[in-house]
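Note: hydrogens, waters and symmetry copies are ignored here, and every other heavy atom, side chains too, is used. Every value quoted in this text rests on a predicted model; they were computed, and no experiment measured them.
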Amino acid sequence: MTLPVTPSQTVGPFVHLGFDPMTRADAAAGAAGPVVTLSGRVLDGQGQPIPDAVLEVWQANAAGRYDHPDDRRNVPLDPAFRGFLRVPTDAGGRYRLRTIRPGPVPGPGGRMQAPHLLVCLFMRGLLRHLYTRVYFAGDPANDGCPILALVPAGRRSTMVALPDGEGAYRWDIVMQGPSETVFLNL
């Protein structure tokens with residue numbers, strides 16, 4: 001039996017209602033590793049805040065292992081760390097999450113990637129959610145990261161969070177324009 005394909009629909013204005021019960025803005029409690037706070041805004045092409053976006057974040061633990069059955073590497077798994085967050089933006093387009101700084105994970109050809117968070121963005125008006133990453137400014141591994149190296153040098157800064165106090169970083173997601181965040185085609 002074959003079912004007909006239905007057309008894509010944009011996410012509606014009440015998408016956050018379905019996500020709210022599953023909001024998780026703190027993954028650091030009880031986890032091993034340096035605590036990091038990441039905050040910022042989600043902005044449209046005119047610099048206006050997007051009040052109903054939802055960020056889903058996945059990451060490796062401080063040792064560089066994902067809490068996923070496909071990650072079978074001989075790297076410690078932290079039982080207190082799941083590596084998943086779901087954070088909505090507020091009326092000002094702001095988000096804030098607390099996690100641990102991830103360790104490096106292998107990339108293409110076994111080359112190690114710089115510590116990063118994987119971000120999936122949902123919002124009204126998108127037919128499909130968007131993927132991007134956020135790296136940490138000043139991390140020496142950024143220069144050798146095989147994935148970050150795929151991004152044109154002039155655009156890499158859109159994927160790098162800037163220091164904003166001790167253990168805190170700031171990173172805005174911009175949807176359009178010359179400062180548009182680099183989104184990945186997965």
Side-chain angles (χ1 to χ4, degrees), residues 8-13 15-16 19 22-27 36-60 66 83-102 104-105 107-108 111-165 167-186:
S8 296
Q9 299 279 327
T10 63
V11 173
V15 64
H16 67 282
F19 285 129
M22 298 178 280
T23 295
R24 184 167 192 252
D26 187 348
V36 173
T37 301
L38 179 68
S39 61
R41 297 182 302 162
V42 180
L43 305 168
D44 69 13
Q46 281 72 49
Q48 296 301 307
I50 297 176
D52 55 2
V54 175
L55 285 75
E56 283 188 351
V57 177
W58 300 279
Q59 69 172 94
Y66 289 100
F84 176 78
L85 299 142
R86 179 176 286 139
V87 184
T89 57
D90 66 11
R94 294 176 294 264
Y95 72 90
R96 181 178 173 87
L97 60 91
R98 184 173 175 265
T99 186
I100 54 97
R101 190 177 178 112
V105 295
R111 292 175 51 202
M112 296 307 283
Q113 301 179 57
H116 63 276
L117 307 178
L118 304 162
V119 178
C120 181
L121 183 67
F122 298 86
M123 72 176 57
R124 176 175 13 126
L126 292 179
L127 286 174
R128 298 182 62 202
H129 44 277
L130 299 173
Y131 296 98
T132 187
R133 292 174 165 212
V134 59
Y135 294 87
F136 301 95
D139 193 310
N142 287 349
D143 291 338
C145 179
I147 301 300
L148 196 55
L150 296 172
V151 177
R155 306 270 298 126
R156 290 180 193 153
S157 65
T158 69
M159 299 173 75
V160 178
L162 301 175
D164 192 30
Y169 288 85
R170 178 170 176 79
W171 179 60
D172 290 340
I173 299 173
V174 180
M175 299 306 297
Q176 290 179 313
S179 299
E180 180 180 326
T181 299
V182 170
F183 296 103
L184 305 172
N185 188 13
L186 300 179

Apply side-chain contact (heavy atoms from CB on, under 4.5 Å) to the pair Trp171 and Thr132, showing each step before the final yes or no.
CA-CA 12 Å; Trp171 179 60; Thr132 187; 3.6 Å; yes
Within a strict 4.5 Å, meaning less than it, do heavy atoms of the Met175 and Leu121 side chains meet?
yes
Min side-chain heavy-atom separation Leu85-Arg98 under 4.5 Å
no
Smallest separation among heavy atoms of [X] and [Y], with atom names:
X	Y	value
Val182	Thr158	N-OG1, 3.1 Å
Ile100	Ala60	CD1-O, 4.2 Å
Gly154	Ser157	O-OG, 4.4 Å

Determine which pairs satisfy salt bridge (Lys or Arg N to Asp or Glu O under 4.0 Å) with at least one residue from residues 168-186, sequence neighbours left out, and list them in order.
Arg170-Asp172
For residues 85-95, the salt bridge (Lys or Arg N to Asp or Glu O under 4.0 Å) pairs (sequence neighbours left out) are Glu56-Arg86, Asp90-Arg94
How about Arg96: does its CZ atom have over 12 heavy atoms from other parts shown lying under 6.0 Å from it?
no
Check: [X] side chain, [Y] main-chain N or O, donor-acceptor pair, under 3.5 Å:
X	Y	answer
Thr89	Tyr95	no
Asp164	Ala168	no
Arg156	Val151	yes

What orientation do Trp58 and Phe84 show, parallel under 30°, tilted 30 to 60°, or perpendicular over 60°?
tilted
Could you check Phe183 against His129 for side-chain contact (heavy atoms from CB on, under 4.5 Å), going step by step and ending with a plain yes or no?
CA-CA 10 Å; Phe183 296 103; His129 44 277; over 6 Å; no
dist Gln59:CD -> Leu97:CG (nearest 0.5 Å) comes out at 8.5 Å
Which value, rounded to the nearest 0.5 Å, describes the distance between Cys120 atom SG and Leu130 atom CG?
8.0 Å
Hey, which of Leu117, Val36, Thr37, Leu162 is the one that makes side chain to side chain contact (heavy atoms under 4.5 Å, CB included) with Tyr169?
Val36
For side-chain contact (heavy atoms from CB on, under 4.5 Å), just list the numbers for Thr23 and Val54, CA-CA rounded to whole Å, side-chain angles, deciding distance to a tenth of an Å, and then say yes or no.
CA-CA 9 Å; Thr23 295; Val54 175; over 6 Å; no
For Val57 and Leu38: C-alpha separation, side-chain torsions, deciding distance, then whether side-chain contact (heavy atoms from CB on, under 4.5 Å) applies.
CA-CA 11 Å; Val57 177; Leu38 179 68; over 6 Å; no
Throw together a table of side-chain donor-acceptor distances under 3.5 angstrom for residues 133-149, partners on residues two or more places apart or in other chains.
unit_1, atom_1, unit_2, atom_2, d
Arg133, NH1, Gln113, OE1, 2.6
Arg133, NH1, His116, NE2, 3.4
Arg133, NH1, Tyr135, OH, 2.9
Arg133, NH2, Gln113, OE1, 3.0
Asp139, OD1, Ala141, N, 2.8
Asp139, OD2, Arg101, NH2, 2.8
Asn142, ND2, Phe136, O, 2.9

